[in-house]
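To start, the structure itself, in structure tokens.
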Amino acid sequence: MLEDLDRQIVRLLCADGRMSFTDLARSTGLSVSAVHQRVRRLEQRGVITSYAAQVDAAQVGLPLTAFISIKPIDPSQPDDAPDRLRHLVAIEACHSVAGEESYLLKARVAAPADLETLLQQIRAAANVSTRTLVVLSTPYEGRPPAL
């Protein structure tokens with residue numbers, strides 16, 4: 001469980017991961033060294049796992065987003081699809097899910113032909129069947145957790 005000040009620091013860093021310790025201190029009413037210690041502790045505890053730039057996928061040539069659910073063709077096969085698919089860099093996220101499918105993948109590609117190729121690669125690498133949803137638009141994404 002997070003203390004209120006830690007929660008506030010996390011909220012501020014989610015909004016601006018490049019916020020300086022000085023600005024964090026000003027926003028929280030703590031000293032710069034106290035904020036630095038708290039951020040370091042949050043990192044060590046695994047609350048803050050990384051800092052990254054959010055990129056507009058369309059601007060970098062990956063305008064097509066798809067969600068691909070997969071399930072094993074042979075249910076008795078080992079559950080190692082995430083390891084078998086790790087090398088496919090078009091897959092941005094892999095979630096284990098409850099329901100008929102085993103995993104839900106989020107992928108970004110340049111064009112429908114690239115999605116078709118990716119689906120073939122997924123099926124071959126993991127011996128799975130796929131079901132695909134193509135994203136038409138994204139009203140919001142990457143929202144910080146409700147703290």
Side-chain angles (χ1 to χ4, degrees), residues 1-25 27-28 35-147:
M1 198 68 175
L2 290 179
E3 296 177 24
D4 288 340
L5 280 170
D6 289 340
R7 189 178 305 279
Q8 185 179 3
I9 290 169
V10 170
R11 205 177 296 119
L12 289 165
L13 287 173
C14 282
D16 179 4
R18 297 178 68 183
M19 183 177 268
S20 70
F21 290 122
T22 302
D23 290 339
L24 283 169
S27 296
T28 59
V35 165
H36 188 263
Q37 288 175 349
R38 282 180 177 267
V39 170
R40 189 174 50 229
R41 232 181 10 251
L42 289 165
E43 291 168 346
Q44 289 170 343
R45 288 178 43 204
V47 174
I48 297 173
T49 58
S50 68
Y51 300 88
Q54 290 188 349
V55 177
D56 182 325
Q59 293 290 330
V60 296
L62 300 170
L64 196 156
T65 302
F67 290 96
I68 305 159
S69 58
I70 63 172
K71 67 178 178 179
I73 291 174
D74 177 3
S76 67
Q77 76 185 40
D79 185 11
D80 60 356
D83 292 332
R84 290 173 173 249
L85 299 174
R86 191 172 309 279
H87 70 284
L88 298 174
V89 295
I91 300 173
E92 187 176 294
C94 175
H95 304 277
S96 178
V97 296
E100 197 170 317
E101 283 86 10
S102 301
Y103 294 93
L104 180 64
L105 312 174
K106 179 182 179 183
R108 294 190 193 267
V109 295
D114 298 318
L115 178 58
E116 186 174 18
T117 300
L118 177 62
L119 291 170
Q120 292 167 352
Q121 292 170 332
I122 290 169
R123 291 182 195 121
N127 194 32
V128 294
S129 64
T130 61
R131 188 173 61 159
T132 304
L133 299 169
V134 173
V135 174
L136 299 177
S137 69
T138 304
Y140 51 84
E141 180 177 52
R143 294 166 71 174
L147 297 176

[X] [atom1] to [Y] [atom2] distance, which is reported to the nearest 0.5 Å:
X      : Y      : atom1 : atom2 : result
Thr132 : Leu119 : OG1   : CG    : 4.0 Å
Leu136 : Thr65  : CG    : OG1   : 10.5 Å
Ile70  : Cys94  : CD1   : SG    : 6.0 Å
Ile48  : Arg41  : CD1   : CZ    : 11.5 Å
Ser50  : Glu43  : OG    : CD    : 10.0 Å
Tyr103 : Asp79  : OH    : CG    : 3.5 Å

[X] side chain near [Y] side chain, heavy-atom distance below 4.5 Å:
X      : Y      : value
Thr28  : Leu12  : yes
Leu2   : Arg45  : yes
Val55  : Leu62  : no
Leu64  : Asp114 : no
Leu118 : Ile68  : yes
Leu24  : Leu13  : yes
Asp6   : Val47  : no

Between [X] and [Y], what is the shortest heavy-atom contact and its length?
X      : Y      : value
Tyr51  : Gly17  : CD2-O, 3.7 Å
Gly61  : Ala110 : O-CB, 3.3 Å
Leu104 : Phe67  : CD1-CB, 4.1 Å
Ala125 : His87  : CB-CE1, 4.1 Å
Ala90  : Val109 : CB-CG1, 4.0 Å

Taking only residues two or more places apart in sequence or in another chain, which ones pass side-chain hydrogen bond (donor to acceptor under 3.5 Å, both in side chains) with [X]?
X     : value
Ser76 : Asp74
Arg86 : Asp83
Ser27 : none

Anything under 3.5 Å between a donor and an acceptor, one on a side chain of residues 140-147, the other on a protein residue two or more places apart or in another chain? List them.
unit_1, atom_1, unit_2, atom_2, d
Tyr140, OH, Arg143, NH1, 3.3
Glu141, OE1, Arg108, NH2, 2.8
Glu141, OE2, Lys106, NZ, 2.1
Glu141, OE2, Arg108, NH2, 3.0

Problem - Sidechain-backbone polar pair: Arg131 side chain, Ser69 backbone, donor-acceptor under 3.5 Å - result: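 Answer holds: no.
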
Practice task
Indicate yes or no for a side-chain donor-acceptor contact from Gln77 to the backbone of Ala126 under 3.5 Å, with no hydrogens or angles considered.
Solution key: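 Judged by distance alone, yes, a pair lies under 3.5 Å.
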
Problem - Pairs satisfying side chain to side chain donor-acceptor pair (under 3.5 Å), at least one member in residues 117-126, at least two apart - result: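 The answer is Arg123-Thr130.
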
Problem - Glu92 CD: over 12 foreign heavy atoms closer than 6.0 Å - result: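 Above 12, so yes.
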
Problem - Lys/Arg-Asp/Glu bridge criterion (N-O < 4.0 Å) met for Glu3, Arg38 - result: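 Salt bridge flag = yes for Arg38 with Glu3.
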
Handout entry: Any residue meeting salt bridge (charged side-chain N to carboxylate O under 4.0 Å, His left out) with Asp23, in chain and number order, not counting sequence neighbours
Key =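 For Asp23, the residues satisfying salt bridge (charged side-chain N to carboxylate O under 4.0 Å, His left out) (neighbours in sequence not counted) are Arg26.
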
